[in-house]
Protein chains: 2
Amino acid sequence: MQKTNQDISGDSLVSNTIGVITQHIRLNELGPGDRLPSETNLAKELSVSRTVVREAFKSLAAMRLINLSAGKRATVAHLDHGAMSLMIEHGVVTEQISVQQIYDVRRAIETRTVTLASLRRTEAEAQTILYHAAQMRTQVENPDLVMEHDLAFHLEIAKASRNPIFSMIVGAFQGVSRQSWSVGWRSRTEPSQRLAMAQTHVDIADAIATGDPQKANALMTTHFNDSIKALLDAGMS
Amino acid sequence: MQKTNQDISGDSLVSNTIGVITQHIRLNELGPGDRLPSETNLAKELSVSRTVVREAFKSLAAMRLINLSAGKRATVAHLDHGAMSLMIEHGVVTEQISVQQIYDVRRAIETRTVTLASLRRTEAEAQTILYHAAQMRTQVENPDLVMEHDLAFHLEIAKASRNPIFSMIVGAFQGVSRQSWSVGWRSRTEPSQRLAMAQTHVDIADAIATGDPQKANALMTTHFNDSIKALLDAGMS
DNA sequence: TTATCAAACCTGTCCTACAAGTTTGTTGAA
DNA sequence: TTCAACAAACTTGTAGGACAGGTTTGATAA
């Protein structure tokens with residue numbers, strides 16, 4: 001094999017190839033859905049084996065920067081929380097992140113999303129948010145359903161904030177939130193406490209629908225303070 | 001090749017292998033630095049080719065869940081913002097994220113980190129934060145230096161918040177912040193404006209060192225409001 | 001006991017091969 | 001002319017073998 005490779009950096013061939021691909025996206029101003037060169041072509045162009053190009057593509061696909069599927073060419077991907085979810089999960093599994101820390105981040109983020117949502121939500125989003133809150137109250141006897149509506153409620157608010165980074169972060173926390181959710185629920189032993197939590201969600205939804213950012217923000221802050229306290233009471237680190 | 005593979009999901013062999021590896025980390029309660037099985041062993045155990053295992057490892061390494069290096073076995077990685085940086089950069093390059101949206105997220109995050117830092121910073125961290133702020137004021141004629149100390153200032157505060165998720169997110173924004181920083185700087189045309197910005201950082205550092213979370217929070221909020229306004233004035237979307 | 005060094009192990013890269021999915025262009029019929 | 005069917009070309013997914021070069025380990029010698 002010729003040594004005609006553009007020795008950009010002393011890194012590995014795969015790293016260089018990743019750089020070439022991201023630069024290709026940049027220079028050609030590619031957007032989501034646009035197609036990338038085929039593995040074989042890229043390999044020929046860079047004078048590396050297809051193995052190297054494949055590993056570069058796989059790496060980018062792992063980070064969800066591109067989409068791969070058999071037979072089709074690779075395409076530029078839409079923003080997505082898949083990779084970040086795995087990173088967060090990994091942090092929790094390896095005990096580098098605690099559940100409490102996640103809730104602290106969520107509070108910081110979601111007291112903002114709820115404010116923005118109150119200002120920017122579409123009518124359809126307001127309805128969806130109201131729906132999930134209402135279901136939480138109606139289905140208060142069914143924890144699994146309450147949880148799913150709870151998660152969907154928070155994600156929909158992030159979406160309504162019109163800032164994809166918020167959506168990504170809130171989405172990334174859903175996996176681990178799902179795993180620790182029951183802890184908070186069980187710590188609310190009295191039916192009245194559970195109903196109060198559901199009611200808070202309804203109130204938040206109302207504030208968003210009404211377009212009252214201050215009220216929505218205050219309610220969300222209270223909600224997270226309560227949730228974090230509930231986790232602490234349950235002995236969660 | 002036998003079909004003895006545990007057909008966990010209809011996904012690809014690589015995806016399954018990724019699942020097996022993360023599960024291996026979970027089940028054996030591995031932490032940062034712990035070693036994973038070798039590619040050859042894993043390939044034999046799962047009845048797949050080394051190619052498949054390699055691509056799985058590469059994917060995990062791309063997300064910074066594991067570290068790879070020639071000759072050595074793969075190890076579980078420390079939490080790191082490398083992958084998230086690439087994701088954010090990709091979002092900006094493909095115009096799915098605007099600089100203004102990044103600053104909005106940063107404001108939500110960093111008004112919290114500064115509060116926590118005021119409560120939790122070590123003495124050494126307080127000194128480092130003070131140092132970067134002081135350098136910003138001293139070197140006010142040298143934009144490149146001001147920027148580097150600015151970035152280091154914010155990252156050190158995140159670190160002092162004692163929540164690795166905050167560090168990760170703030171770190172992930174550094175790359176794109178570096179690229180848009182000069183826009184904000186140039187919009188502050190008067191020397192007095194530039195000095196005022198540097199002074200704000202000194203004030204924040206003082207509040208952290210003194211242990212005054214309310215004041216630190218208020219100053220940081222003001223700082224971000226100003227910065228976002230500066231970007232808007234400069235016509236940044 | 002410690003230093004040295006060779007063998008065993010491991011990852012990085014290349015190559016070839018083929019199955020299976022997708023795209024494209026041609027052909028043929030309406 | 002238009003459209004449908006189909007074959008050819010292209011593309012990705014996986015396998016398996018080969019070898020260079022870095023790392024670990026254990027045996028040997030001082």
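Since this is a predicted model, take the numbers as computed values, not measurements. A note on names: the letters A, B, ... follow the listed sequences, proteins ahead of strands, and every chain is numbered from 1.
Both the sub-6.0 Å distance and the 45° axial angle are satisfied by B:Arg106 relative to the ring of B:Tyr103.
Comparing B:Ser69 and A:Thr51 against DNA chain D, the residue whose closest nucleotide sits nearer the 5' end is A:Thr51. Mapping A:Val52 and B:Ala74 onto DNA chain C by nearest heavy atom places B:Ala74 at the nucleotide closer to the 5' end.
The nucleotide whose nearest atom lies closest to any side-chain atom of B:Ala70 is, among D:dT12, C:dG12, C:dT13, C:dG12. Picking from D:dT23, C:dC10, C:dT13 the nucleotide with the shortest atom distance to the side chain of B:Lys72 gives D:dT23. Side-chain proximity of B:Leu68 to the nucleotides C:dG12, D:dT12, D:dT14 is greatest for C:dG12. With C:dT13, C:dC10, D:dT11 as the candidates, the nucleotide lying closest to the side chain of B:Arg73 is C:dC10.
Within the 4.5 Å cutoff, side-chain heavy atoms of A:His223 are placed close to those of A:His154.
Between A:Leu13 atom CG and D:dG21 atom P the separation is 13 Å, expressed in whole Å. Note: CD (B:Glu55) to C1' (D:dA15) measures 11 Å, nearest angstrom. Atom-to-atom, NZ of A:Lys44 to P of C:dT16 comes out at 12 Å; the value is rounded to the nearest Å. When the C1' atom of D:dT14 is taken as reference, atom NZ of B:Lys58 falls 19 Å away, rounded to whole Å. The distance between atom CG of A:Asn67 and atom C1' of C:dT22, rounded to the nearest whole Å, is 16 Å. Per the geometry, CG belonging to A:Leu36 stands 13 Å off P belonging to D:dT11, to the nearest Å. Distance CD (A:Glu39) to C1' (D:dT12): 6 Å, rounded to an integer number of Å. In this structure, B:Asn41 places its CG atom 17 Å from P of C:dA8, rounding to the nearest Å.
Residue contacts for B:Ser38: at a heavy-atom cut-off of 4.0 Å it reaches the sugar-phosphate backbone alone, with no base atom in range.
Within a 6.0 Å radius of CD in A:Glu95, no more than 12 heavy atoms belonging to other residues, nucleotides or ligands are found. Open room surrounds NZ on A:Lys159; 12 or fewer heavy atoms of other groups in view lie less than 6.0 Å from it.
Applying the 4.0 Å criterion to OP1 and OP2 of C:dG12, one finds that B:Arg54 has a side-chain N or O inside that range.
A donor and an acceptor atom sit less than 3.5 Å apart, one in the side chain of B:Arg50 and one in the base of C:dT13.
Note: A:Tyr131 and A:His149 meet the aromatic proximity criterion, with ring centroids under 6.0 Å apart.
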